Amino acid sequence: MSQLFLTNSLTRRKEAFVPIDPGHVRIYVCGPTVYDYAHIGNARPVVVFDVLARLLRRLYPRVTYVRNVTDVDDKINAAAKANNEPIGALTSRTYRAFVEDMAALGALPPDIEPRVTETIGPIIALIERLIANGHAYVADGHVLFSVPSKLDYGLLSRRSRDEMIAGARVDVAPYKQDPADFVLWKPSTPDLPGWDSPWGRGRPGWHIECSAMSWRHLGPEFDIHGGGVDLTFPHHENEIAQSTGAFPGTRFARYWVHNGFLMVNGEKMSKSLGNFFTVRDVLKMAPGEAMRLVLLKTHYRDPLDFTWARLDEARAELDRFYRALEAASGGEVAPDVPVPGPVMDALCDDLNTPLALSRLHELGAAALAGDAGAAAGMRAAGTVLGLLQQDPADWFRAGTDAGLAAEIEQAIAARRAARARKDFTEADRIRKALADRGIVLEDKPGGATVWRRA
RNA sequence: GGCCCGGUGGCAGAGUGGCCAUGCAGGGGACUGCAAAUCCCCGUACGUCGGUUCGAUUCCGGCCCGGGCCUCCA
């Protein structure tokens, strides 16, 4: 069995992955806050950790992958108010859209998708433990985490408490004992979501939910915690403080895995710059599989610059992959074969998807030369990468209804007749007319003509 | 200001102390009625200045540039 290596943000080094329980690997990833359609930056961790989960399932007998759904949040409250829509309606509608979009990107659902609204009990229990352990205090209706009470605070982000305060942009509320302290529980107004607690009606702070949900579903200590680099501080740092503070002697997550930031046209994606794209925007321009490939063409830790040219390039690469599958196996799905070693090795080396893809291209070249085994290997590799699982015919001709398909076949027949009588002007006119509608014809050696979308 | 990433050929993007990445785009050729696809061939690549070394894109240091975090953010 291949040995998996992962870059652990805690040590900043690539380490051999050794699970706590080799019989059951447990991973937690920060999921979406459901207040609006997912943007392409949201899609990156989903796809990256989908590949990691698929890989872990190949390597270990049992994997539990937990990704939370944040359905209590100030942004949600604000969006619901702006839309004049009940909060529950907004979150369930947005969650459904998220599920659809991520499925379009080929991401499998996690094993468990806990919601904050279903985790209030564990959140309160966790806060009570923190108070009992001297890491939290009640002040002015709030419960706050006492950062100075945790001597090891700042290990993940390598930031001392003094450095944080030097940033001077922390909100120094009067009820805080220390400027670095953060909210675990805060009072709620009657018009906003709230739950009864020992500290009155209120709602949880942002960070506590992940500590509570991971604890509930994976225990106080588990293998991998994933998320975007931008969450390293303060979110992940605070999660560690909360969880290890509530359960002294435990280490919370053993491996912290962070995906790099996504930019658009060299700039940070933002609504004000006009370069903000949702997954839906992209899906109007290209198949989800092409967007997935864009996300996997860059190593997960590196910054990724999204451009429409890259999306086109990814589609062109997939054309070649599917052509190879079609050439070697006629589109037949091969029986279960192992993932080719070179691909597996690349993925096990800190999820090196760009290298794995280059090896997929090498298999593609062999498949184009007629090597059916290479094609089967591509399919197998695709099960880990979440690519190449379609029938090539669907990839090349998806989105055309039966009527259009029949029309194209008619045009092909007419062109065949024209070619038979050497009327190449007419034959080329027919082909040009189809090309103008995005349909490309290919004359095969045997005399057959096939079509595909451009 | 503090902490942290990254700078590879037209573009994207791996990797390595001395020899091929890979893909896309481009040029030439084969094939084709012409195309498309495929195959073959081609292009001074490693931010910069020093250091270590027989030899550095690869190791070390300074500098320059880009980006992230320090506030909601994947």
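Convention: sequence-line order gives letters A, B, ...; per-chain numbering from 1. Because the structure is a prediction, the values reported are computed rather than measured.
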* **Whole-Å gap separating C1' (B:C3) and CG (A:Asp230)** =>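 Result: 15 Å.
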* State the dot-bracket string of RNA chain B. Criteria: Watson-Crick or G-U wobble, both atom distances under 3.5 angstrom; notation: ( ) intrastrand, [ ] crossing earlier pairs, | interstrand, . unpaired. => (((((((..(((.....[...))).(((((.......)))))....(((((..]....))))))))))))....
* Structure fact -> What residues 446-454 of chain A contributes to the RNA chain B interface at heavy-atom separation below 4.0 Å is A:Arg452
* Where along residues 295-312 of chain A does a heavy atom come under 4.0 Å from RNA chain B, residue by residue in number order? ->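 Result for residues 295-312 of chain A: A:Lys297, A:Thr298, A:His299, A:Asp302, A:Arg310, sorted by number.
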* For the pair A:Arg437 and A:Glu407, find out whether any cationic side-chain nitrogen is under 4.0 Å from an anionic carboxylate oxygen. => yes
What pairs with [X] under ring pair (Phe, Tyr, Trp, His ring centres under 6.0 Å), at least two apart in sequence or on another chain?
| X | result |
| --- | --- |
| A:Tyr255 | A:Phe17 |
| A:His299 | none |
| A:Phe321 | A:His361 |
| A:Trp308 | A:Phe277, A:Phe306 |

* To do: For A:Arg251, enumerate each residue passing the salt bridge (Lys or Arg N to Asp or Glu O under 4.0 Å) test, keeping only those at least two apart in sequence or located in another chain.
  =>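 Checked A:Arg251 against salt bridge (Lys or Arg N to Asp or Glu O under 4.0 Å); zero matches.
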* To do: Output all residues satisfying salt bridge (Lys or Arg N to Asp or Glu O under 4.0 Å) with A:Arg310, sequence neighbours left out; order by chain, then residue number.
  => none
* A:Lys268 side-chain N/O to B:C69 phosphate OP1/OP2 under 4.0 Å ->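 Yes, such a contact exists.
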* Asked: Less than 5.5 Å between centroids and less than 30° between ring planes, does A:Phe424 satisfy that with B:G33?
  -> yes
* Taking A:Lys14 for the side chain and A:Thr7 for the main chain, is one N or O donor matched with an acceptor at less than 3.5 Å? ->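 Pair absent, no side-chain N/O of A:Lys14 close to backbone of A:Thr7.
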* Asked: Checking A:Arg453 side chain against A:Gly438 main chain: does a donor-acceptor pair fall under 3.5 Å?
  ->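 No, the answer is negative, given that no donor and acceptor are paired below the 3.5 Å cut-off.
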* To do: Can you sort out the partners of A:Thr117 under side chain to side chain contact (heavy atoms under 4.5 Å, CB included), two or more places apart, ordered by chain and number?
  => A:Asp71, A:Val72, A:Arg115, A:Trp195
* Structure fact -> Sequence neighbours excluded, the answer for side chain to side chain contact (heavy atoms under 4.5 Å, CB included) partners of A:Ala38 is A:Asn42, A:Phe98, A:Met102, A:Val279
Pairwise N/O distances under 3.5 Å, protein to nucleotides 57-60 of chain B:
none

